[in-house]
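For reference, the structure is listed below as structure tokens.
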Amino acid sequence: MPAVLVYAVVVLYPSIAGAGSAFTDWSGIGNAKTFVGIDNFKQLAHDSQALGALRNTLLLTVAIVVVQNGIGLLLALGVHTGIKSRMALRLVFFAPVVVSPVIVSFLWKFVYNPAPDAGLNAALGAVGLGALRQDWLGNPSLALWSVAFTVIWQCAGYSMVIFLAGLEGVPAELHESAMVDGAGTVARFRHITWPLLAPAVTINVMLSTVGGLTLFTQIIAMTNGGPGYATDTLSTVLYKQAFVFGKFGYSTAVALVLAIFVAAVSFLQIGYLRSRETAA
Amino acid sequence: MALDQSVSRRRLLQLIGGASVAATAVGTLAACGGGGSGSSSSGGTLKVIGVGDQEAGLRKVLDAYKSSHSGFDFNLSFAPADQVQTALRTQLGGGNAPDVHVVYPGNGSAMSMAQLAKAGLLADLSSQSWTQKIPDGFKGAFQSDGKTYIFSPGSSMLGAIYNKKAFATAGVEPPTTWSELLSVCEKLKAKGIVPIALGAQTPWITQLIPYALVPGTVYAKTPDFDDKMLAGQASFAESGWVDAMNKYLELQKKGFFNDNPNGTTYEQATSMVATGKAAMAVQVSAVLSAFRAASQTPDDLSMFPFPATDVAADNWIPAGVVVGIAVSAKSKKSDQAKSFLDYCGQQENLNTWAEAVSCVPLYGDAKVDPALTLFLPALKANKAVPFMDQRWPNAEVQPTHFAVVQELLGGKTTVDAALKKMDEAYRKKA
């Protein structure tokens, strides 16, 4: 009972009280607020900036879920072999995960410096690929993918660790008997490893989906949603509405929609992935 | 020449005040509100948060105040302009604001004097004697409903900060018309020098070139443009803003900016001008000290008004009250904080601050930074316009302006669509 009380005071009350602001025109400071019903939600449905941000959020999420987990799986398979340096490699691949996302973002901002003699562009020039130099964060068509790459670079090690834990749980006898039966590497991965990795896939896909849908830190630190609105996500839009435009009520409406959206996606996803685990 | 480099403070007052009086509407003189005595000073540590641009001046004055007031100490921190909007605003919303904090003059941003005063977050300073000396033309920047809520050391000029050595290498002089500017840029480019450094990845930088151009393309022809906008009789999309934005893009198309301005930051652009890799950057004089600090030969840096048209007489200049400080209405040390602001308002301290941030002091007779000499004729001719956002009615127009400029530079929108978006933001409720 005390736990329920603490939960009610610390989580439930602030959440409900906060959600209430979504139906007001509160500026975030001062006490002046008027009840505006569902006006904020109506406005959101026609807000081209928010709709653009929704599109960016979905693109980022798909890219992150697919590529981060793909790379994470390959890394896990790589360091799950008998190679001598596997422990050192595990450490190297996991290292970016423990660095603050803000620091990683600032480091990558240096890497993405558009000058031809700096960062990634200099490296491309040095290996004779000068023609591929880009304005990585300044080109509106490229910036979103540059941010996605940074997130994947940082988080692939995290997916790797979860896949690795899954791989450790695959009984060696299964592989041995399959080998006796003449199964090759690909066949063993397809029929033994992959089905038994299902729980790890569920966790990784869930975590990276929620991470992608709520991505904020890296975007604010690297592009602030720009150039223009090219890298705005729902999280940066609700932040700007609250703190830059002074529209806390509207911002809370965006936050509420985002929370419901993330919950719905997660619910559907976990239903599907769990059924897949059982089938496996 | 030496005489030209200084100007009577009183004269400037008349000039700037006269120029901007048309653009500000203030009903009454400073009314005496409640608040503290402004003279008592007790011990303890005053928490102060400023914005990076004001560090040079604010720190000097705080140091001086500390050395003359025993038992006084301060905890001073600074945030970049983009973070002030969020970190500090969160503190204000949470009721744990610092005793003294940065506030932008006038209206138009979520951290502007008018918006914060309306929410009851700023202490009334009207009883302090310096507030009586605020020039009439500037009262709109300092006062809301006739009460003064902000201290600012004076006004900043907006124009081109240029590297004299780079200009000499190309054999060019500061231009006075748009055509001359294009020809100067052409010659600089031919010498392998980037004519104009533009760090448009940093949002607030994006607005500076339009701000430099619209006094000539808009306000010279329509001095009451802001009033017309407020009355719904004018729009960005059907005004001289179109010409200004087209000129912005013309500079880009002709290759007069550094490559990839959208990927370049303010700091990188500053360094380009300071080292002579670029010849100029459109900036406010308040950051001249930052450019000088980044240069090994700070004397090579000076400023000139950025010409917007081919009629020299139409080239008005932007001159706005610089970012200031205010006392939090909820400060437990408000007497002490007000006492410090009163100290800032004393002529000598005002001059110290103004000099450190290269701005024209708010009142009194003082020398101005020699780098601002070329701005004085326009000031004398009453051809100065306050920074545009100070009269925008809500906090959304300015960030929209930032975003559409980045889109324009990235080739993702047209001038017409960009200005219509700004009009849309302007028409939203405050």
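In what follows, chains carry the letters A, B, and so on, assigned in the order in which the sequence lines appear, proteins first and then strands, with residues in each chain numbered from 1.
- In this view, Asp259(B) satisfies the side-chain contact (heavy atoms from CB on, under 4.5 Å) rule with no residue, not counting sequence neighbours.
- Proximity to chain B (any heavy atom under 4.5 Å) is shown, for Ala115(A), by neither the backbone nor the side chain.
- The two residues Ala110(B) and Gly246(A) come nearest to each other via the heavy atoms CB-N, 4.4 Å.
- Only the side chain of Tyr239(A) comes within contact range of chain B, with at least one heavy atom under 4.5 Å from a heavy atom of that chain.
- The environment of Tyr158(A) atom OH is sparse: at most 12 non-hydrogen atoms of other residues, nucleotides or ligands sit within 6.0 angstrom.
- Between chain A and the options Ala119(B), Ala87(B), Ala200(B), Gly94(B), heavy-atom pairs under 4.5 Å are most frequent for Ala119(B).
- Taking CG of Leu116(B) as the start and OG of Ser27(A) as the end, the distance is 9.5 Å to the nearest 0.5 Å.
- Applying the 6.0 Å contact sphere to CZ of Phe216(A) captures more than 12 heavy atoms from other residues, nucleotides or ligands.
- Annotation: side-chain hydrogen bond (donor to acceptor under 3.5 Å, both in side chains) contacts involving residues 102-113 of chain B, sequence neighbours excluded, comprise Asn107(B)-Gln115(B).
- Of all the listed residues (Val397(B), Asn262(B), Val404(B)), the one sharing the greatest number of non-hydrogen pairs under 4.5 Å with chain A is Asn262(B).
- Other residues, nucleotides and ligands place no more than 12 heavy atoms under 6.0 Å from the NZ atom of Lys420(B).
- Proximity to chain A among residues 264-278 of chain B is limited to Thr264(B), Thr265(B), Gln268(B), judged by heavy-atom separations below 4.5 angstrom.
- Residue contact with chain B, scored on non-hydrogen atoms closer than 4.5 Å, involves the side chain of Lys109(A) exclusively.
- Residues Pro203(B) and Asn224(A) have side chains in contact (heavy-atom distance under 4.5 Å, counting atoms from C-beta outward).
- Sorted by first and then second residue, the pairs that involve residues 394-415 of chain B and meet salt bridge (charged side-chain N to carboxylate O under 4.0 Å, His left out), not counting sequence neighbours, are Lys247(A)-Glu396(B), Glu396(B)-Lys428(B), Glu407(B)-Lys421(B).
- Looking at Thr400(B), the atoms closer than 4.5 Å to chain A (heavy atoms on both sides) sit in the backbone and in the side chain alike.
- Comparing Gly411(B), Gly120(B), Ala403(B) by heavy-atom pairs within less than 4.5 Å of chain A, the highest count is held by Ala403(B).
- Residue Gln398(B) holds its CD atom at 10.5 Å from CZ of Phe245(A), rounded to the nearest 0.5 Å.
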